[in-house]
Amino acid sequence: MCNNLMTIHLNNVQFYGYHGLYKEEQKIGNNFIVNLAIELFPSEDNITTIEQTIDYVKVYDLVKVRMQTPTPILETLAGDIANEILTQFNLAQKVSIHITKSKVFVNSLNGNMSVSLIKLRAGH
């Protein structure tokens, strides 16, 4: 393992899903935007193969699969994604995730809402 701290990002990745507590959200669905950062120590100073780092396509596939399962609370969704990344990618040391719900089904709220989570690998 090298001493270089690297961060891999997924930026403004959009999904359509049925996450939320309210019947309207579960029926109509919503647009969700995911921003994700994974901090890691690459296995080599000079990265020349994907095996020496974390494949962001595999991370995207993991997020995509999880975003397809309706979940009442975004906090649960963020936690599940962070835990799965730390489980599947041994090089991952820290996951920061931010999920934005584009529309909020609350009469007086004009805007969106989001949840952020930072999860560290156990022992750090």
Side-chain angles (χ1 to χ4, degrees):
M1 189 179 297
C2 73
N3 292 325
N4 299 331
L5 180 63
M6 179 175 285
T7 305
I8 293 174
H9 298 268
L10 292 183
N11 300 312
N12 299 317
V13 182
Q14 297 186 29
F15 300 95
Y16 198 83
Y18 298 88
H19 311 292
L21 286 173
Y22 302 105
K23 296 270 187 222
E24 205 170 344
E25 294 175 304
Q26 297 167 5
K27 182 180 177 184
I28 297 171
N30 210 330
N31 289 308
F32 294 86
I33 301 166
V34 176
N35 286 283
L36 177 71
I38 304 169
E39 291 185 16
L40 65 133
F41 292 102
S43 62
E44 301 291 332
D45 280 334
N46 185 22
I47 298 171
T48 57
T49 67
I50 197 67
E51 291 78 25
Q52 296 168 320
T53 185
I54 294 175
D55 185 344
Y56 60 81
V57 173
K58 289 182 180 178
V59 173
Y60 168 77
D61 289 341
L62 178 154
V63 174
K64 180 180 175 183
V65 167
R66 183 59 186 89
M67 290 298 292
Q68 292 172 350
T69 303
T71 306
I73 300 182
L74 288 185
E75 290 84 348
T76 301
L77 190 59
D80 288 353
I81 291 169
N83 288 335
E84 192 63 27
I85 288 169
L86 290 171
T87 298
Q88 286 195 28
F89 302 100
N90 292 330
L91 290 175
Q93 300 301 309
K94 177 181 174 182
V95 177
S96 303
I97 185 167
H98 185 95
I99 302 174
T100 300
K101 183 185 292 189
S102 295
K103 298 176 194 159
V104 180
F105 294 95
V106 177
N107 293 337
S108 61
L109 180 60
N110 184 13
N112 60 39
M113 62 80 53
S114 59
V115 170
S116 294
L117 172 71
I118 297 172
K119 182 130 184 137
L120 302 174
R121 180 171 296 284
H124 288 88

Engineer: Please identify each residue that fulfils side chain to side chain contact (heavy atoms under 4.5 Å, CB included) with Val13, with sequence neighbours left out.
Structural biologist: Leu10, Phe15, Tyr60
Engineer: Can a donor-acceptor pair be found, under 3.5 Å and without considering hydrogens, that links the side chain of Asn11 to the backbone of Asn35?
Structural biologist: no
Engineer: May I ask whether Ile33 and Ile97 are part of the same hydrophobic cluster, defined by side-chain heavy atoms of I, L, V, M, F, W, Y residues being less than 4.5 angstrom apart, directly or through others?
Structural biologist: no
Engineer: Suppose we screen for side chain to side chain contact (heavy atoms under 4.5 Å, CB included). Which residues come up paired with Gln68, at least two apart in sequence or across chains?
Structural biologist: Lys64
Engineer: Looking at residues at least two apart in the chain, or sitting in another chain, which of them share a side chain to side chain contact (heavy atoms under 4.5 Å, CB included) with Thr87?
Structural biologist: none
Engineer: Below 3.5 Å, can you tabulate the donor-acceptor pairs from side chains in residues 111-119 to any protein atom, sequence neighbours excluded?
Structural biologist:
residue, atom, partner, partner atom, Å
Ser114, OG, His98, NE2, 3.2
Ser116, OG, His98, ND1, 2.4
Lys119, NZ, Asn83, OD1, 3.2

Engineer: Using the side chain to side chain contact (heavy atoms under 4.5 Å, CB included) criterion, which residues pair with Glu24? Sequence neighbours excluded.
Structural biologist: Ile28, Phe105
Engineer: Is the closest side-chain heavy-atom distance between Leu5 and Phe41 below 4.5 Å?
Structural biologist: yes
Engineer: Let me confirm one number: the CG-NE2 distance from Asn30 to His19, rounded to the nearest 0.5 Å.
Structural biologist: 9.5 Å
Engineer: Counting N and O atoms only, with roles assigned by atom type, does the side chain of Gln88 sit under 3.5 Å from a partner on the main chain of Leu86, one being a donor and the other an acceptor?
Structural biologist: no
Engineer: Below 3.5 Å, can you tabulate the donor-acceptor pairs from side chains in residues 49-59 to any protein atom, sequence neighbours excluded?
Structural biologist:
residue, atom, partner, partner atom, Å
Thr49, OG1, Glu51, OE1, 3.4
Gln52, OE1, Thr48, N, 2.6
Gln52, OE1, Thr48, OG1, 3.4
Gln52, OE1, Thr49, N, 3.0
Asp55, OD1, Val57, N, 2.9

Engineer: What heavy-atom pair brings Ile38 and Ala92 nearest, and what distance separates the two atoms?
Structural biologist: CG2-CB, 3.6 Å
Engineer: Starting at CG of Leu21, measure out to OG1 of Thr71 and round the result to the nearest 0.5 Å.
Structural biologist: 11.0 Å
Engineer: Looking at side-chain heavy atoms only, is the closest gap between Phe32 and Leu77 below 4.5 Å?
Structural biologist: no
Engineer: Quick check for you: to the nearest 0.5 Å, what is the distance between Asn31 atom CG and Thr100 atom OG1?
Structural biologist: 11.5 Å
Engineer: To the nearest 0.5 Å, what is the distance between CG (Asn4) and CG (Leu40)?
Structural biologist: 10.0 Å
Engineer: Taking Gln93 for the side chain and Arg121 for the main chain, is one N or O donor matched with an acceptor at less than 3.5 Å?
Structural biologist: no
Engineer: If you take all heavy atoms of Pro70 and Tyr18, which pair is closest and at what distance?
Structural biologist: CB-O, 3.6 Å
Engineer: Around Tyr16, counting heavy atoms of other residues, nucleotides and ligands shown, do more than 12 lie under 6.0 Å from its OH?
Structural biologist: yes
Engineer: Drop me the distance from Thr69's OG1 to Asp80's CG, to the nearest 0.5 angstrom.
Structural biologist: 9.0 Å
